Amino acid sequence: MTSRLNCVLLILMISLNAAVCSCVNENRESASSMSSENQRWTYYVFVPMINYSHGIITSLYVTTNNGTWLRVIGYNDSTHVLVYDVTGGKQTILDDFTVDRMKVHKLRLPQKGNFSLPILIKVSSDKPVAVLLTGGLYEIDGANVFYPSVDGGFSGKEFIILTAGATRISARKGWDYAVFAIEDSEVEIRDSNDKIIRTISVSANNSKRLELFYNKIYRIVSTGRIFVSSWAASSFVVCPSHVGGYRGKFFYANPYQSALSGSPILLVISQETPTQVRVYNTVTGSLIAEKKMQPREIWFINREVADIEGIQLKIESDKDIIVYAGSTIKKENMPDSPALIANAITFLTVPPNRPTTFFVPTEGYIISPKGDAKIKINQLEMKIPQGSCKPLPSGIVSITTNETVLVEIISKQPSITHFAAYIPSARCLDITYPPPASHETTQAQKIDFTYIALAAAAVLVSVLIVFKKRRG
């Protein structure tokens with residue numbers, strides 16, 4: 001009996017140890033999987049339902065771009081990339097591939113007939129990449145785009161880009177690509193074979209045109225920090241700040257007129273404090289417009305306010321603002337308004353514990369790529385689990401969040417016919433840069449200092465005159 005009991009106890013102990021080991025191994029594998037996923041680069045975007053009935057152009061040439069496409073550009077050789085459909089918590093793999101440095105992999109996203117399907121996409125890679133979302137006739141009409149640098153932010157010293165359309169005649173070399181210099185910069189433009197094709201010098205706070213072809217790979221290398229951008233009619237973009245993110249005190253833009261009786265526009269949105277905003281011509285340095293803004297106010301600058309068409313602009317403020325740049329689409333004799341902002345999909349980020357106000361023309365979505373977010377939207381509280389999204393109301397929206405979130409802003413006038421946008425990496429949503437020395441004293445402050453210096457000189461002269469009279 002004793003020996004039988006011992007055998008039973010031994011079997012139980014072995015079974016228990018096996019179960020414990022199995023549990024530990026599963027936990028280790030789960031932790032390893034989570035750790036591995038956290039080390040990957042992830043990119044989220046919500047693709048709305050879009051009617052591509054007008055997606056084929058035959059008058060110039062035939063294009064197959066009547067759908068929504070995802071293009072992944074490699075920064076390093078042998079980069080492994082997975083594309084998922086994560087709508088409603090799914091983890092369906094849409095594509096699994098490897099992309100090399102300065103090469104492009106293209107994927108057409110799901111659609112039914114002429115309609116793209118509403119879907120939340122997650123791109124996951126083991127090395128950093130650039131992810132470009134495009135749709136419709138962007139290659140003809142072009143799009144306003146800021147290009148990401150290889151460090152993940154939208155300013156930097158090295159860029160590997162696939163150019164979006166930036167002219168209305170896509171076959172010609174475009175004058176609608178621009179580099180804006182945050183610092184004095186020597187800029188090299190290299191082709192897809194990494195051969196230098198042009199070198200330009202750009203001084204701080206200035207810009208120069210780039211002669212590039214659309215839908216081509218370029219490598220742009222600079223000695224100083226720069227923005228690389230493309231501009232077109234009938235589009236808009238939320239401008240990135242020179243210190244990272246989309247809230248800031250210093251921005252560049254180059255808006256064009258819509259082809260459909262619209263106007264080139266800037267949309268400046270103040271945040272929680274009053275601020276003085278000034279708009280300058282970067283080429284001449286002249287002041288174009290200025291305004292003292294109240295908290296959470298929108299300043300809509302169209303041609304009735306100032307002539308900004310095709311001008312490389314510098315927008316400065318003494319407190320945080322958000323800046324949109326582009327054009328409106330409207331019928332002749334219609335009143336212009338922010339609600340008529342041209343077709344586009346664009347992004348901005350909302351940092352944690354910093355109430356942020358922005359404008360949604362037609363549709364908006366809030367995505368939480370980094371963690372479970374507790375969010376207050378226009379005083380309505382909600383939770384957004386990591387890797388999911390919620391729709392936003394149109395109009396003026398104010399958000400407070402405990403986690404950095406990505407906001408996707410969509411304009412359809414009346415339906416979106418073309419767009420191109422680079423998707424920010426989840427790992428780089430909080431990227432920041434130190435303000436360069438050239439911006440420590442803004443143009444507005446220089447003017448103030450000039451007046452102070454003149455006033456001080458006048459006082460000094462008066463004192464000397466009085467002193468001289470008394471001695472005389």
Side-chain angles (χ1 to χ4, degrees), residues 26-48 67-111 116-135 147-154 156 159-162 217 345 347-349 365-373 384-390 403-408 420-431:
E26 284 180 6
N27 287 338
R28 282 176 179 168
E29 287 174 6
S30 176
S32 174
S33 175
M34 289 177 63
S35 174
S36 175
E37 181 61 28
N38 289 336
Q39 291 173 0
R40 293 177 70 86
W41 295 74
T42 55
Y43 308 76
Y44 287 90
V45 63
F46 181 78
V47 179
T68 304
W69 295 81
L70 201 67
R71 291 168 167 84
V72 178
I73 301 98
Y75 291 162
N76 301 278
D77 287 338
S78 303
T79 300
H80 179 231
V81 183
L82 290 161
V83 179
Y84 297 91
D85 172 2
V86 294
T87 312
K90 291 190 296 186
Q91 289 285 331
T92 304
I93 295 177
L94 300 178
D95 205 354
D96 182 344
F97 59 91
T98 298
V99 65
D100 289 332
R101 176 177 170 83
M102 297 182 72
K103 301 298 182 183
V104 181
H105 181 89
K106 185 169 74 168
L107 167 66
R108 185 171 183 166
L109 297 177
Q111 67 182 71
S116 67
L117 299 179
I119 184 173
L120 180 61
I121 295 293
K122 174 186 174 182
V123 179
S124 175
S125 62
D126 61 352
K127 300 169 190 172
V129 293
V131 181
L132 174 64
L133 183 76
T134 66
Y147 294 87
S149 66
V150 296
D151 68 6
F154 283 86
F159 300 76
I160 295 176
I161 65 173
L162 176 69
I217 285 284
I345 293 179
F347 300 93
L348 61 83
T349 55
Y365 298 89
I366 184 166
I367 305 169
S368 184
K370 303 189 71 173
D372 296 340
I384 303 181
Q386 181 179 5
S388 64
C389 72
K390 298 280 187 184
E403 287 277 356
T404 300
V405 293
L406 180 67
V407 173
E408 182 177 338
Y422 276 89
I423 305 167
S425 163
R427 286 177 61 168
C428 298
L429 296 184
D430 296 312
I431 194 167

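Position 1 is the first residue of the sequence, and the numbers go up from there. Predicted model only: the values in this text are computed from it and were never measured.
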Looking at every heavy atom in both Glu403 and Lys370, which two are closest together, and how far apart are they?
OE1-CB, 4.2 Å
To the nearest 0.5 Å, how far apart are OG in Ser78 and NZ in Lys127?
5.5 Å
Start with the C-alpha gap between Leu117 and Thr87, add the side-chain angles, then the distance that decides, and say whether side-chain contact (heavy atoms from CB on, under 4.5 Å) holds.
CA-CA 11 Å; Leu117 299 179; Thr87 312; over 6 Å; no
Just wondering, do Pro110 and Ile119 contact through their side chains at under 4.5 Å, heavy atoms?
yes
What are the two closest non-hydrogen atoms of Pro369 and Thr404, and how far apart are they?
CD-O, 4.0 Å
Where do Lys106 and Arg71 come nearest, in terms of heavy atoms and distance?
CD-NH2, 3.4 Å
Where do Gly387 and Leu120 come nearest, in terms of heavy atoms and distance?
O-CD2, 3.5 Å
Worked verdict on Leu109 versus Leu133 for side-chain contact (heavy atoms from CB on, under 4.5 Å):
CA-CA 10 Å; Leu109 297 177; Leu133 183 76; 4.0 Å; yes
Using the six-membered ring wherever Trp is involved, compare the ring planes of Phe46 and Tyr365 and label them parallel, tilted or perpendicular (cut-offs 30° and 60°).
tilted
How long is the span from the CG atom in Asn76 to the CG atom in Asp100, to the nearest 0.5 Å?
10.0 Å
Criterion side-chain contact (heavy atoms from CB on, under 4.5 Å) on Val131 and Tyr44, from CA distance to verdict:
CA-CA 10 Å; Val131 181; Tyr44 287 90; over 6 Å; no
If I take atom CZ from residue Phe154 and atom SG from residue Cys428, how far apart are they, to the nearest 0.5 angstrom?
9.5 Å
Interatomic distance, Tyr84 atom OH to Ile121 atom CD1 [nearest 0.5 angstrom]
12.0 Å
Heavy-atom side-chain contact between Ser125 and Tyr75 under 4.5 Å:
no
Just by distance, do the side chain of Asp96 and the backbone of Leu82 share a donor-acceptor pair under 3.5 Å?
no
Taking only residues two or more places apart in sequence or in another chain, which ones pass ring-ring contact (aromatic ring centres under 6.0 Å, His included) with Phe347?
none
Does some side-chain heavy atom of Ile423 sit less than 4.5 Å from a side-chain heavy atom of Val123?
no
Indicate the atoms forming the closest heavy-atom contact of His80 with Asp126, along with that distance.
N-OD1, 2.9 Å
Between OH on residue Tyr147 and CD1 on residue Ile160, distance to nearest 0.5 Å:
14.5 Å
Check the pair Val405 / Ile384 against side-chain contact (heavy atoms from CB on, under 4.5 Å), numbers first and verdict last.
CA-CA 10 Å; Val405 293; Ile384 303 181; 5.9 Å; no
List in chain and number order the residues that pass salt bridge (charged side-chain N to carboxylate O under 4.0 Å, His left out) with Lys103, two or more places apart in sequence or in another chain; answer none if no residue qualifies.
none
Separation between CD1 (Ile217) and CD1 (Ile161), nearest 0.5 Å, reads 8.0 Å
Return the minimal non-hydrogen interatomic distance between Thr68 and Gln111, and the atom names on each side.
N-OE1, 4.1 Å
Please answer whether the main-chain N or O of Asp372 pairs with a side-chain N or O of Ser368 as donor and acceptor at a distance below 3.5 Å.
no
Identify, with sequence neighbours excluded, every residue that meets ring-ring contact (aromatic ring centres under 6.0 Å, His included) alongside Tyr43.
none
